[in-house]
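Because only heavy atoms are used, hydrogens play no part in the values below, and waters and symmetry mates are left out as well, while side chains stay in. As the structure is a computational prediction, the values presented were derived from the model and not from experiment.
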There are 2 protein chains.
Amino acid sequence: MGSKKNFKNLPHKTIERLSQYRRALLICLDNNKTHIFSHEIAKIQHITPVQVRRDLMLIGYSGTLRKGYNIQELIDLIGTIIDNEEGLNTTIIGMGNLGRALIKYLSGKRSKLEIVAGFDTNPDKIGNKFSGIQCSSIEHLDKIIKEKNIKIGIITVPEDQTIEMAQKLVDAGIKGILNYTPKPVEVPDHVYLEEYDMITTLEKVAFYVKMAEEQKK
Amino acid sequence: MGSKKNFKNLPHKTIERLSQYRRALLICLDNNKTHIFSHEIAKIQHITPVQVRRDLMLIGYSGTLRKGYNIQELIDLIGTIIDNEEGLNTTIIGMGNLGRALIKYLSGKRSKLEIVAGFDTNPDKIGNKFSGIQCSSIEHLDKIIKEKNIKIGIITVPEDQTIEMAQKLVDAGIKGILNYTPKPVEVPDHVYLEEYDMITTLEKVAFYVKMAEEQKK
DNA sequence: TTTGCACTGTTATTATTTTAACAGCATGTA
DNA sequence: TACATGCTGTTAAAATAATAACAGTGCAAA
């Protein structure tokens, strides 16, 4: 019975929050804080202190009474949970505006999660670098993914190419796919899939705005 | 007691799926289909037929036995639920890659949800048009939001400007905010807020890929 | 006309996630 | 030493969401 918890069974939402806690904590650390209370973390994330404590309980971290949680320790612990020790190489499929936004956003920030390649079908883009990331032809996708040991693929192509790109990624042996197009894809069980659709989110906002407007009448 | 349902109490997840159903249905309509079964919708969205039927039950729509659902009728009904009759004008704050990606993505597609303005602090961008959307200075944000009756703001600025921009939007009387920066914002109760953090999602994918790798050992 | 089939619509159950309640304890104070 | 304070850690309850179970029904084939 080691201290190793079965992190595999952590709730999905807890995983998401841990990632957010860590980023908040890194900022706090920059401000020369060493300890933090659950209600402080909660305030930053706009959630309740209970939820913070519950999440930390689930990962088996204990704070000091009346001092709060040691920021550095907590950052390190979250790292051992979320990060892969050797790092996970990532690629962007589709170097349009969205793909380039993601590259700018991510590159350099997360040492354990590096973007090491980009792909596109547009000949004008192939061969160029964007924020330091080389854009290659889709034709070389399989080869480069294997060569560079890429584990995660982010799809940011136009909707009508989504299925094809997802298939190519799966065939190349990718382990995780993050699909930012509105077209749902199907992948084998051994590939982890996360999908996010911006139009849906915007329409959701529109719905609740509409409801609030009608409420007032 | 009209036929008007209390759509206000629909589950959040149902709202999201309705948006997705509609887009799938629009594609089916283009292919000259007139009716569709729950299991067909389910297949497109990679969910279960039960969930589709349950969602449609919640919005009070009945299909025809052995014929399925009338696509046009369903599209129209979803429209009356999600869309605001007069439309809701939308703006993008931050015309970087992400902002421009969203504009390209959304403009023209959703007639009831039009992007009518863009803002940035960069003088090189101000005055230019991107995919037909005029980029204005943040200084004119308040004026333009009121003039153009803008109800929804999408924030795509660098992280350190998030809070300031959200405040400006709130002050200008915006009704809904969609925040794509990793910095959480706080808004008054009368403003609907939706936040999405790409780094968190990517780290989540990384976590589950890591778990799958460890599983195999 | 009867029987089986393939759907829908609804209720019941289970799983997941959030929120509430509260016991326990180190510190500060009298 | 006793007691209040303000935190943590944990269990209990409630809310939300997904899944399962199944009754009802019109069409098609026999």
*Provide the closest heavy-atom pair for A:Ile75 versus A:Leu29 in the form atom of the first, atom of the second, distance.*
CD1-CD2, 3.9 Å
*Whole-Å distance between D:dC7 P and A:Ile36 CD1?*
13 Å
*Please check if any side-chain donor atom of B:Tyr61 sits under 3.5 Å from a side-chain acceptor atom of B:Glu73, or the reverse.*
yes
*Answer yes when B:Lys33 and B:Glu40 have at least one side-chain N-carboxylate O distance shorter than 4.0 Å, and no when they do not.*
yes
*Considering all heavy atoms, the nearest B:Ile115-B:Ile103 contact*: CD1-CA, 4.0 Å
*asked:* Tell me the interatomic distance from A:Leu58, atom CG, to D:dG9, atom P, rounded to whole angstroms.
replied: 12 Å
*Provide, to the nearest angstrom, the distance between the CD atom belonging to B:Gln51 and the C1' atom belonging to C:dT8.*
16 Å
*What residue pairs, at least two apart or across chains, pass salt bridge (charged side-chain N to carboxylate O under 4.0 Å, His left out) with a residue in residues 149-163 of chain B?*
A:Glu213-B:Lys151
*Specify the residues of residues 38-47 of chain A, ordered by number, for which at least one heavy atom lies under 4.0 angstrom from an atom of DNA chain D.*
A:Ser38, A:His39
Side-chain donor-acceptor distances from residues 43-51 of chain A under 3.5 Å, at least two apart:
{"residue": "A:Gln45", "atom": "NE2", "partner": "A:Gln20", "partner atom": "O", "Å": "3.2"}
{"residue": "A:His46", "atom": "ND1", "partner": "B:Val185", "partner atom": "O", "Å": "3.2"}
{"residue": "A:His46", "atom": "NE2", "partner": "B:Glu186", "partner atom": "OE1", "Å": "3.3"}
{"residue": "A:Thr48", "atom": "OG1", "partner": "A:Gln51", "partner atom": "N", "Å": "3.3"}

*If you look at every heavy atom in B:Ile144 and B:Ile150, which pair is closest and at what distance?*
O-CD1, 4.2 Å
*Residues B:Lys175, B:Val191; criterion side-chain contact (heavy atoms from CB on, under 4.5 Å); working and verdict*: CA-CA 5 Å; B:Lys175 294 295 194 300; B:Val191 177; over 6 Å; no
*Distance test, side-chain N/O of A:Ser62 to OP1/OP2 of D:dG9, below 4.0 Å*: yes
*Tell me, which of residues 10-18 of chain A have any heavy atom that sits under 4.0 Å from an atom in DNA chain C?*
A:Pro11, A:His12, A:Lys13, A:Arg17
*How long is the line joining CZ of A:Phe37 and P of C:dT27, in whole Å?*
12 Å
With the criterion being N/O to N/O and under 3.5 Å, what pairs connect the protein with nucleotides 22-29 of chain D, and how long is each?
{"residue": "D:dG26", "atom": "N2", "partner": "B:Arg66", "partner atom": "NH1", "Å": "2.7"}

*Report the distance from atom OH of B:Tyr61 to atom P of C:dG9, rounded to the nearest whole Å.*
9 Å
*Compare the minimum distances between each of D:dT19, C:dT19, C:dT8 and the side chain of B:Arg54, then state the nucleotide with the smallest one.*
D:dT19
*For the residue pair A:Tyr196 and B:Tyr196, categorise the inter-ring angle as parallel (less than 30°), tilted (30 to 60°) or perpendicular (more than 60°).*
parallel
*Pairs meeting criterion salt bridge (charged side-chain N to carboxylate O under 4.0 Å, His left out) with involvement of residues 14-30 of chain B, two or more places apart*: A:Asp197-B:Arg23, A:Glu203-B:Arg22, A:Lys204-B:Glu16, B:Arg17-B:Asp55, B:Arg22-B:Asp83
*When you look at A:Met198 and B:Tyr180, which way does the side-chain contact (heavy atoms from CB on, under 4.5 Å) test go after all the steps?*
CA-CA 10 Å; A:Met198 294 179 166; B:Tyr180 274 117; 3.4 Å; yes
*asked:* Distance check needed: D:dA12 P versus A:Met57 CE, whole Å only.
replied: 12 Å
*Take the protein atom CG of A:Asp55 and the nucleotide atom P of C:dT17, then report the distance between them rounded to whole Å.*
11 Å
